[in-house]
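Taking it in order: structure first as structure tokens, then the write-up.
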Amino acid sequence: MAAVQETIDQVKSIDVTEYKYGFVTDIEMEKPAKGLTEDTVRYISARKNEPAWMLEWRLDAFRRWKTMKEPDWARVNYPPIDYQDIYYYAAPKGAAPQSLDEIDPAILETYKKLGIPLREQEILAGVAPENRVAVDAVFDSVSVVTTFKKELAQAGVIFCSISDAIQERPELVKKYLATVVPVTDNYFATLNCAVFTDGSFVYIPKGVRCPMELSTYFRINEQNTGQFERTLIIAEEGSYVSYLEGCTAPKRDENQLHAAVVELIALDDAEIKYSTVQNWYPGDAEGKGGIYNFVTKRGDCRGRNSKISWTQVETGSAITWKYPSCILRGDGSRGEFYSIAVSNGAQQVDSGTKMIHLGKNTTSKIIAKGIAAGKSDSTYRGMVSAHRKATGARNFTNCDSLLIGDQCGAHTIPYIEAKTATAIFEHEATTSKIGEDQLFYCQQRGLSEEEAVALIVNGFVKEVLQQLPMEFAVEAQKLITISLEGSVG
Amino acid sequence: MSIVTPLKTAAEQALSAQFSAAKAELPGALPVRKLREDAFAGFEAKGLPHRRLESWRYTDLRGLLREAKPLADKASVTPAVTACLAELAFEGVRLVLIDGAFSADLSTLDAVPPGVTIQPLSEALVSTREDLIRILAGPGIAQIDTGLMLNTALMRDGVFIEIAEGTELAQPIAIVSLASGEDERAIFHRSVVVAGKGVKATIVEIGEGVGPHASQVNGAIVFETGDESDVQHLRIVSRAVPETVQVQTLMATVGANAKFESFALVCEAATLRQQYFVEYAGEHSEIGLRGVNLLGGQEHSDVTLVMDHAVPHGVSREMFKNIIGGEATGVFQGKVIVRKYAQKTDGGMKSNTLLLNDGATMFNKPELEIFADDVVCGHGATVAQMDGEQLFYLMARGLPRPQAEALVLQAFAGEAVEFVQDESLRGMVMGRIESWLAKRDGSSLASTV
């Protein structure tokens, strides 16, 4: 559709050249030699002081990875990645800090600049308890701090880095790790299994409603490094957790690889809400530099009446390859996916979701909004499928695209597969101009043309924005100034 | 994800042997021979289409063709064929292909109206027409399809219809293609319709197969329509011997300010793949592709289309209605491409499916690929069972369940049939749908009221 000047300006304000988080923190890092061999895997495992079973698991994944081929079905183009030209581990030098005071001030300064509160007392002042957010901050390959651990522990909630979980709760990690995304699920997931460094681990015990929002903030700082994070969230029977994730990286001329795996497990009546504001460095206007965001995210609604909801606001990354999905295994379980993908410059986005209906009376909803500007390409790729036994499965999908300028592209590739007659699947996608009648209606009620356009375009993304927790909605709205509130004129 | 370098299947090897043996006697002047050679080389490099090829994801031809049947090189006019033809009497021109070979005797060539030239394809292939190769090849988007490459390499006969500028036909021209089933045969036929500027015409294609043996049919039809023309195409696929495997390709290049509409009714599919490759050669044209698939038993029907908006101001509409019972499988893959310069494109694609019982399967993949910013494009796809409320309404008014169901299904399919412009043809299509519905037995699933 043709965008109005309004929208064009606002998208421009978040254009790749306006990237605000592109600074570099100068800090001494510890890295193994470049490249990926069994020794690299052993090095990472040793650095993390991992038990033997973990090392074996990693090595097994590494051997399998070597036999695999990089997938090429996505609508993205990039020069071949040299997996031997990457540092697979980078951590600030020195012993692991025991408290905030021991953390390198440069790192603290970094998070301050990013606006991420790491000191609990700073958050406490004047914030109602239910609006507090516990943060796990991951800096390159290591988690530097996790806040509110004590208070969460009182509720029985475990929120720590995955490295700590492997040390302290190996039985939980063994039981759930790679049960949603199998080791050989795909090329990047297998690579992640071999070399993952840090990420978050969340365990919500039976019947507990997590007392605060949990969040992880990922920062890539070091040059030529890849970040391989691993997140595992388990919600026991009847529990609830809302988890937020944010990411940024410095401006650099070379591309950096980010290959994460996120696994969510919801047991009977449990609910997991997972929100992402992805703002990795997108590269410059010509497509130089930027993060390759090749991520496998999957949730397993294992229990009856469980619910997993993904909300994502994607504005960063040179290339996004990401399909947060739900396996609706438990009877009556529900999956949701809300997404806004804004691409600009030379960004390429191939993203979407899969809703796999296996249990009876499972329901899912997909709302995906793509806005492409500059020379970018935005693709929605999604699958909704109902197994033979998934009687009464229901899905509603809506994906809309907005194109700004004639250099970009918007594509929709949905797969809808129904193998049971009692499934009801509805899918609709549009790429359309702002309706004359909508404009007329608003203007007739006294709004200026600009205000009317603002109102309508705001409505375009609002369905997704309102799914974000308050804290992130604000950030997302800032990111997507296209939501246009109060910026008319 | 691993590299697929499959060994050649028995069918692929047999096809290679058949092509080497037959290429000398297959009709065609030198340029046609080269076209055949190139197409077969393309096929050999890729092999039979299989699941890992995105556009053949749901119809695994490599798996389905366990063997390549011998090429049909003669027409068998059996009593069954004669009986079948008698049922398919048409007013106007009827052109008959038996086992892919044009039969002048069975065709009503004396009814050919002025302005229309008809030639068997085998003759056209040896002509010295300059534009022959271009017309045969069809749109660029079709060139990568291996199913079509096989047809190009092995096409033996068909009809070449040319309609002169300004001709308005009062009656449809029908191409009736019968597989005799006398013995096991592989049939490769292609027909061509070249319609000049301002032509108004309706082309009907009927494909049937009589027993006892099942055939492998690879058919293609190419349309090249001029500016301001209005060409309607109706295809009916009914009567297929079980085990029949059919690939039917439609290619169309449509001129400016023109209209091209195609409607396909499938009421006995066996295993059928219909593919459409359609492109706009001029601005302000309207293209509509529609169809109804009625499936039961073990049938498999695949509709895959690519609509290429290469010029501005094109309007396209696709609407496919699928009614699937038994253990049948329906497939709809639609791709609408809007190229960078194709501003003001208006595209709408719709696939609606009713699954009548558990065991029935539907795969939908409606794609949009858009590179222009001032366009209106949308697609919708639904899969559901019959609406219990509609049934309840009808049954509350005294209709027994089977009639109520038939009425609901008839209305569902009718939404697409409405677009068949010729009244008598529309009646014929509705009649076939009604008799298919009447043959169903037992009641189907419906949503609870």
Side-chain angles (χ1 to χ4, degrees), chain A residues 1-3 67-73 75 184 186-187 190 372-373 377-381 383-386 388-389 391-395 397 399-433 435, chain B residues 1-3 52 54 57-58 324-325 329-333 335-341 343-386 444-448:
Chain A
M1 87 180 234
T67 67
M68 294 167 83
K69 189 177 164 272
E70 206 172 316
D72 57 3
W73 44 261
R75 253 199 103 85
T184 48
N186 67 70
Y187 188 78
T190 312
D377 259 298
S378 177
T379 304
Y380 167 83
R381 187 187 300 273
M383 175 187 269
V384 177
S385 78
R388 283 202 194 288
K389 288 179 182 155
T391 49
R394 275 216 71 143
N395 166 268
T397 301
C399 31
D400 298 331
S401 330
L402 187 67
L403 282 161
I404 300 175
D406 54 9
Q407 302 285 308
C408 51
H411 321 293
T412 322
I413 310 175
Y415 297 78
I416 305 140
E417 309 187 347
K419 293 185 181 169
T420 169
T422 50
I424 300 180
F425 287 174
E426 294 166 85
H427 172 99
E428 57 182 56
T430 61
T431 309
S432 66
K433 205 170 181 171
Chain B
M1 240 157 280
S2 51
I3 308 168
R52 281 170 182 272
E54 191 58 31
R57 186 182 167 89
Y58 299 109
I324 308 177
T329 304
V331 178
F332 174 77
Q333 303 188 95
K335 185 191 266 187
V336 175
I337 305 171
V338 180
R339 302 206 185 259
K340 205 166 132 187
Y341 354 87
Q343 297 291 2
K344 305 280 179 194
T345 289
D346 175 358
M349 177 158 63
K350 204 159 126 177
S351 156
N352 302 122
T353 304
L354 290 179
L355 297 181
L356 300 181
N357 51 265
D358 274 327
T361 302
M362 180 69 200
F363 299 112
N364 260 319
K365 194 175 73 173
E367 288 178 60
L368 294 174
E369 210 177 289
I370 299 174
F371 296 96
D373 63 342
D374 190 6
V375 301
V376 183
C377 273
H379 67 226
T382 62
V383 182
Q385 53 199 334
M386 247 183 284
S444 305
L445 282 171
S447 59
T448 41

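Only a predicted model underlies this, so the values are computations on that prediction, with no experimental measurement involved. Chain naming here is simple, since letters A, B, ... match the order of the sequence lines and numbering starts at 1 in each. Worth knowing before you read on, the calculation uses all heavy atoms, side chains too, and leaves out hydrogens, waters and symmetry mates.
- Of the possible polar contacts, one joining the B:Asp358 side chain to the A:Ala421 backbone as a donor-acceptor pair under 3.5 Å is found.
- The backbone N or O of A:Gly392 sits less than 3.5 Å from a side-chain atom of A:Thr422, completing a donor-acceptor pair.
- For A:Asp377, the part sitting under 4.5 Å from any heavy atom of chain B is the side chain, from C-beta outward, and nothing else.
- For the set B:Lys335, B:Lys340, B:Gln333, the entry with the most heavy-atom pairs within less than 4.5 Å of chain A is B:Lys340.
- With chain A as partner, the option from B:Ala384, B:Gly348, B:Ala381 having the largest number of non-hydrogen pairs under 4.5 angstrom is B:Ala381.
- A:Lys419 NZ: 12 or fewer foreign heavy atoms inside a 6.0 Å radius.
- Of the N and O atoms on the side chains of B:Asp373 and A:Gln407, not one donor lies less than 3.5 Å from an acceptor on the other residue.
- Between chain A and the options B:Met349, B:Gln343, B:Met386, B:Arg57, heavy-atom pairs under 4.5 Å are most frequent for B:Arg57.
- For a residue to count as touching a neighbouring chain, one of its non-hydrogen atoms must lie under 4.5 Å from one of that chain's; by this rule A:Ala423 touches chain B with the backbone only.
- Note: A:Arg75 leads A:Glu428, A:Arg75, A:Glu426 in heavy-atom pairs under 4.5 Å with chain B.
- Interface residue B:Ala360: only backbone heavy atoms are found under 4.5 Å from chain A.
- Heavy atoms of B:Tyr341 lying under 4.5 Å from chain A are absent altogether.
- Heavy atoms of B:Asn357 lying under 4.5 Å from chain A belong exclusively to its backbone.
- For A:His411 (side chain) and B:Ile370 (main-chain N/O), a donor-acceptor pair under 3.5 Å exists by modelled atom type.
- Using a 4.5 Å cut-off on side-chain heavy atoms (C-beta onward), B:Val336 and B:His379 make no contact.
- Here B:Pro366 is the residue among B:Gly380, B:Ser351, B:Pro366 with the most heavy-atom pairs under 4.5 Å with chain A.
- Screening B:Asn352, B:Leu354, B:Asn364 against B:Val383 for a side-chain contact (heavy atoms from CB on, under 4.5 Å) leaves a single residue, B:Asn364.
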